[in-house]
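Structure record follows, encoded as structure tokens.
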Amino acid sequence: MIKTTINRPMYFYLMIFCLFMNSLLGFALLYIDNNNLAYFVLTASIILYINIFHPNNTQKNAFFICMVIATTVCSVITIVLGWEYGFQNWLITFCFVSITVPFPDRKSFYILALIECIIYFILYFWIKLDLANKNLTFLNIFFALTNIIGLFGFIIFAERILKWSFTMEKAFLEDEIEKMKNMVYIDKLTGLYNRHKIDIIIANININIEKIKQFYVVFSDIDNFKKINDQYGHDAGDKILTTVSNILKRELRQDDIAARFGGEEFLIVLNDMTKDKLNDEKAYNIIEKIRRKIESSYIVYKGNKIKVSMTFGMVSSGGYKDVRQMIKDADEKMYIGKRSGKNKVVFDSYNMTVNIDEISKNDDMFNE
């Protein structure tokens, strides 16, 4: 069953981590009564928060600003608290991240990486070696200088040779392409698969239909939907579609498939999974439980309480060689249910249509 997720931009959680660590640091500084530095760090946290959640900020600008703030905070803390706390080491990480971002135009990040190298160099000689108070030999300065230049130089040149940034950009683009494909296949209103995607799924099932274990096709339609639209308007209809879709997402199993087939029509495919082997009774129980959930739901629209119900037609794959024929037969059974009172599951192969009232008495079968 398709699950909808919040689509966060790349580096969002990395920036959230930066915000969390920065805020934690600010409160720790307050705890040790270093108030001036604490206020500086907490102010930086506020700026980070505004930057991350600003609606008009692009992810490139947001991440660049985040890197600048993080670089500034670590540099200032190193100057105030000293070298032994290790905040200057973050500059090495920031440099690596700056030169491997996947954005097409990386010039500003390369400049930032160079600045981070220079800052580390200055901090090392100013804070670590304390040039003003130590008599350093040529060898001290030479080795320190060589190691710092070598460290950052290796990171920068390795990136150019190994193409880390292009690898990350390719992965980023592939991820974006996959998201775009999903957008093409997902119905925007309901979050379920759309007709285009279900047609692809049907074609794939047809190719392997003789190899697939037993499965069930269910065609369903919201009862009195046109009447509701005419009486209350399309916004009310949209709320009902969303309500029904959310129930389908919750109640169907992980490998089951649900799609908005068109308008108020939905198509469901119940798969025979190894861990939950299906038979006619189990398949019926799944759909009947969904029917009952929908029957007990309602929407409130402009002060009106609107009840929702749905009629289902179901067929088993036994004896079929074409899913489209299964859909056609499930559609016909659904209309039998419409003509015989609506709000029911029609599944002739298990003779369930005559036993709905009897099964409804057994509430234990449909407990949450």
How about Phe125 and Phe121: are their ring centres within less than 6.0 Å of each other?
yes
Check the side chains of Gln214 and Ser316 for a donor-acceptor pair under 3.5 angstrom, ignoring hydrogens and angles.
yes
If we ignore hydrogens and angles and just use 3.5 Å, is the side chain of Asp256 paired with the main-chain N or O of Arg253 as donor and acceptor?
yes
Any side-chain heavy atom of Phe215 sitting closer than 4.5 Å to one from Met326?
yes
Write down the atom of Met15, the atom of Cys66, and the distance for their closest heavy-atom approach.
CG-SG, 3.8 Å
Distance only, no hydrogens: is a donor on one side chain within 3.5 Å (strictly under) of an acceptor on the other, for Asn246 and Thr243?
no
So, taking the atom named CD1 in Ile201 and the one named CG in Leu267, what distance separates them when rounded to the nearest 0.5 Å?
9.0 Å
Between Tyr193 and Val269, is there a side-chain heavy-atom distance shorter than 4.5 Å?
no
Quick check on the hydrophobic clustering: are Ile50 and Ile52 connected, directly or via other members, by side-chain heavy-atom contacts under 4.5 Å?
no
Residue pair Cys95, Tyr120: steps toward the side chain to side chain contact (heavy atoms under 4.5 Å, CB included) verdict:
CA-CA 10 Å; Cys95 175; Tyr120 188 94; over 6 Å; no
Applying the side-chain contact (heavy atoms from CB on, under 4.5 Å) criterion to Leu114, which one of Ile111, Ile118, Leu112 satisfies it?
Ile118
Side-chain donor-acceptor pair under 3.5 Å between Tyr216 and Asn271, yes or no?
no
For residues Lys227 and Phe225, determine if any side-chain heavy atom of one lies less than 4.5 Å from a side-chain heavy atom of the other.
no
Check against side chain to side chain contact (heavy atoms under 4.5 Å, CB included), Ile79 and Trp126
CA-CA 9 Å; Ile79 292 171; Trp126 179 19; 3.9 Å; yes
Quick check: do Ile65 and Asn57 have side-chain heavy atoms less than 4.5 Å from each other?
yes
Is the distance between the ring centroids of Phe64 and Phe109 under 6.0 Å?
yes
Please check this pair: side chain of Arg324 against backbone of Ile327, looking for a donor-acceptor N/O pair closer than 3.5 Å.
no
Side chains of Lys249 and Ser245, donor plus acceptor under 3.5 Å
no
Kindly indicate whether the side chain of Ile186, heavy atoms from C-beta on, has any atom under 4.5 Å from the side chain of Leu192.
no
Going through the checks in order, is the side chain to side chain contact (heavy atoms under 4.5 Å, CB included) test met by Ser98 and Glu116?
CA-CA 9 Å; Ser98 295; Glu116 288 160 346; 3.5 Å; yes
Same cluster or not: are Leu14 and Leu48 linked, directly or through other Ile, Leu, Val, Met, Phe, Trp or Tyr residues, by side-chain heavy atoms under 4.5 angstrom apart?
yes
Of Thr190, Ile290, Ile294, which meets side-chain contact (heavy atoms from CB on, under 4.5 Å) against Val244?
Ile294
For Lys342 and Asn224: C-alpha separation, side-chain torsions, deciding distance, then whether side-chain hydrogen bond (donor to acceptor under 3.5 Å, both in side chains) applies.
CA-CA 9 Å; Lys342 303 179 182 178; Asn224 306 313; 2.6 Å; yes
Is the Tyr49 to Phe53 ring centre distance short of 6.0 Å?
yes
Is there a side-chain contact between Glu251 and Lys289, using heavy atoms and a 4.5 Å cut-off?
yes
Can Ile32 be reached from Val73 by stepping across I, L, V, M, F, W or Y side chains whose heavy atoms are under 4.5 Å apart?
yes
Apply the test side chain to side chain contact (heavy atoms under 4.5 Å, CB included) to residues Leu270 and Ile287: give CA-CA distance (whole Å), side-chain angles for both, the deciding distance (0.1 Å), then the verdict.
CA-CA 9 Å; Leu270 301 179; Ile287 301 303; 4.0 Å; yes
In terms of side-chain geometry, is the basic nitrogen of Arg291 or Glu288 positioned less than 4.0 Å from the acidic oxygen of its partner?
yes
Minimum heavy-atom distance between Phe87 and Ile77, given as atom pair plus value
CD1-CG2, 3.4 Å
Can you tell whether the side chains of Asp223 and Lys338 come within less than 4.0 Å, N to carboxylate O?
yes
Rounded to the nearest 0.5 Å, how far apart are CE of Met334 and CE of Met310?
8.5 Å
How long is the straight-line distance from OG of Ser220 back to CD of Glu264, given to the nearest 0.5 Å?
10.0 Å
Interatomic distance, NE2@His196 vs CD1@Ile198, rounded to 0.5 Å, equals 12.0 Å
Shortest non-hydrogen separation from Ala70 to Cys18 and the atoms involved:
CB-SG, 4.0 Å
Could you state whether Ile202 and Ile207 fall into the same hydrophobic cluster, counting links through intermediate Ile, Leu, Val, Met, Phe, Trp or Tyr residues with side-chain heavy atoms under 4.5 angstrom apart?
no
Looking only at heavy atoms, the pair that brings Asn34 and Leu37 closest together is OD1-CB, 3.3 Å
Cation-pi geometry met for Lys307 and Tyr298 (6.0 Å, 45°)
no
For Ile306, does its backbone N or O pair with a side-chain atom of Asn304 as donor and acceptor, under 3.5 Å?
no
To the nearest 0.5 angstrom, please state how far the OG1 atom of Thr78 sits from the CD1 atom of Ile119.
10.0 Å
Rounding to 0.5 Å, atoms OH (Tyr335) and CZ (Arg339) come to a distance of 9.5 Å
Under a 3.5 Å cutoff, is there a donor and acceptor pairing between the side chains of Asp329 and Tyr320?
yes
Run the side-chain donor-acceptor check on residues 230-241: report pairs under 3.5 Å with partners two or more places apart or on a different chain.
{"from": "Asp230", "atom 1": "OD2", "to": "Lys226", "atom 2": "NZ", "distance (Å)": "3.0"}
{"from": "Lys239", "atom 1": "NZ", "to": "Val300", "atom 2": "O", "distance (Å)": "2.9"}

Ile209 and Asp322, any side-chain heavy atoms less than 4.5 Å apart:
no
To check you understand the geometry: which heavy-atom pair defines the closest contact between Ala258 and Leu252, and what is its length?
CB-CD1, 3.6 Å
Kindly give the heavy-atom pair with the smallest separation between Val97 and Phe63, and that separation in Å.
CG1-CZ, 3.6 Å
When you compare the side chains of Asn194 and Lys188, does any donor N or O come within less than 3.5 Å of an acceptor on the partner?
no
Do Leu30 and Tyr85 sit in the same hydrophobic cluster, where Ile, Leu, Val, Met, Phe, Trp and Tyr count as joined when their side-chain heavy atoms come under 4.5 Å apart?
no
Would you check if the side chain of Gln88 reaches a backbone N or O of Trp83 as a donor-acceptor pair within less than 3.5 Å?
yes
Using side-chain heavy atoms (C-beta onward) and a distance below 4.5 Å, is Phe266 in contact with Phe312?
no
